[in-house]
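Each chain gets a letter, A, B and so on, in the order the sequences are listed, and its residues count up from 1. These numbers come from a predicted model, not from an experiment.
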Protein chains: 2
Amino acid sequence: MSAFIDFYFDFASPYSYVAAHMIEEIAERHKRSVIWHPVVIGNAFKAVGGAPMQTLPLRNEYVEKDVARLARYLGLPYEHPSSYPVPTQAAACAFLWGQDRDPERAKEFARKVFAAYFVEDRNIADLDVILEIIESFGLERAAAHEALNSAPLKDRLKAETDLAMARGVFSAPFFIVDGEPFWGYSRLPILEKWLADGPF
Amino acid sequence: MSAFIDFYFDFASPYSYVAAHMIEEIAERHKRSVIWHPVVIGNAFKAVGGAPMQTLPLRNEYVEKDVARLARYLGLPYEHPSSYPVPTQAAACAFLWGQDRDPERAKEFARKVFAAYFVEDRNIADLDVILEIIESFGLERAAAHEALNSAPLKDRLKAETDLAMARGVFSAPFFIVDGEPFWGYSRLPILEKWLADGPF
């Protein structure tokens with residue numbers, strides 16, 4: 001069996017949204033499976049990867065324009081969220097909770113959360129929004145609510161984030177294939193060459 | 001006549017080196033001319049675009065790997081410079097000095113400076129290296145030396161940098177086409193769609 005593709009994403013990262021729509025198809029073409037890893041690109045990442053977007057006026061303005069144009073280029077729906085960025089701990093914890101139950105449905109959940117934020121302009125920092133999406137899968141709201149508020153799940157998200165950084169992840173989207181790191185949606189063609197031809 | 005493509009680059013930016021090898025061919029396919037603008041991505045840019053690479057350990061390590069891999073992917077020669085990054089004021093001033101005389105030869109000069117730094121591992125912060133490259137064009141070393149040390153040329157580089165930032169440039173490589181900004185080598189396919197089909 002070939003090694004997995006590790007896909008690191010932040011639910012408030014527009015380029016993660018774009019990558020989430022592309023990575024499964026690429027993996028399928030090369031008979032690989034993808035493991036999705038939600039990370040929260042926050043304070044811990046500042047020291048290793050860069051300042052948060054919102055403090056960089058020119059870059060921030062550019063990114064907003066670039067993402068909308070990129071979505072048009074790729075034919076993806078996109079509306080810049082009215083609150084941007086937002087904390088993504090709740091969404092990330094919900095994903096991990098769901099992933100333990102069914103990794104493939106958790107991916108569907110992730111796509112719904114991305115759409116809620118980047119298409120429907122819903123505030124995914126709001127726990128009620130996350131619980132509503134969970135309910136749309138026929139899962140019980142009360143059980144989900146209890147799990148999302150539990151210390152073990154929050155601790156796990158922190159540990160997952162530490163592990164990501166230990167593997168060299170400093171931003172999102174980020175991919176690791178056969179130990180090789182790829183940062184950003186824009187490196188997907190190079191990742192695909194790697195999958196097709198092996199190391200180069 | 002169609003509008004020019006403005007190409008902003010820093011001589012110590014490996015992605016600028018990559019872009020410098022691609023932009024003229026793209027422009028030619030769409031009958032556009034390219035104006036090259038050297039900028040020095042330094043302190044002034046920190047506030048608008050991001051922290052300098054060398055302070056971000058994980059990102060720095062990744063970029064070194066990514067550039068080498070990208071060069072192999074594109075078939076470009078590349079060796080990571082033993083001093084990286086280096087100040088590029090002298091190279092940028094020399095470019096501006098040459099551009100006033102012959103814009104097309106100045107582009108050749110730029111390619112030679114990029115090759116000196118990213119292929120031959122020469123220190124382009126060293127004025128002697130720059131003067132040697134100028135001499136290889138049959139220009140007089142003494143005249144070039146005098147011009148490069150002159151206050152007007154240094155002031156001009158500062159003004160060019162301020163102008164770039166006023167136009168929204170916060171990093172390199174950066175392109176502006178018909179007022180539309182494109183950041184990074186990776187947006188060249190989207191820039192090319194813009195040239196081919198107009199605004200989208």
Asks: As an exercise: rank B/S186, B/G184, B/P181 by heavy-atom pairs under 4.5 Å with chain A and give me the winner.
Replies: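 Looking at each option in turn, the highest pair count goes to B/P181.
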Asks: Under 4.5 Å heavy-atom distance to chain B, tell me which part of A/Y185 shows up: side chain, backbone, both or neither.
Replies: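 It is the side chain, since no backbone atom gets that close.
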Asks: Can you name the closest pair of heavy atoms from B/S16 and B/F7 and give their distance?
Replies: O-CZ, 4.0 Å
Asks: Hey, what's the ring geometry for B/Y78 with B/H80, parallel, tilted or perpendicular (30° and 60° as the breaks)?
Replies: tilted
Asks: State, to 0.1 Å, how close A/Y62 and B/R187 come at their nearest heavy-atom pair, and which atoms those are.
Replies: OH-CG, 3.8 Å
Asks: Top residue by heavy-atom pair count (under 4.5 Å) with chain B, among A/K193, A/E180, A/R69, A/E61?
Replies: A/R69
Asks: Taking the inter-plane angle between the rings of A/H37 and A/Y8 on a 0 to 90° scale, is it parallel (under 30°), tilted (30 to 60°) or perpendicular (over 60°)?
Replies: parallel
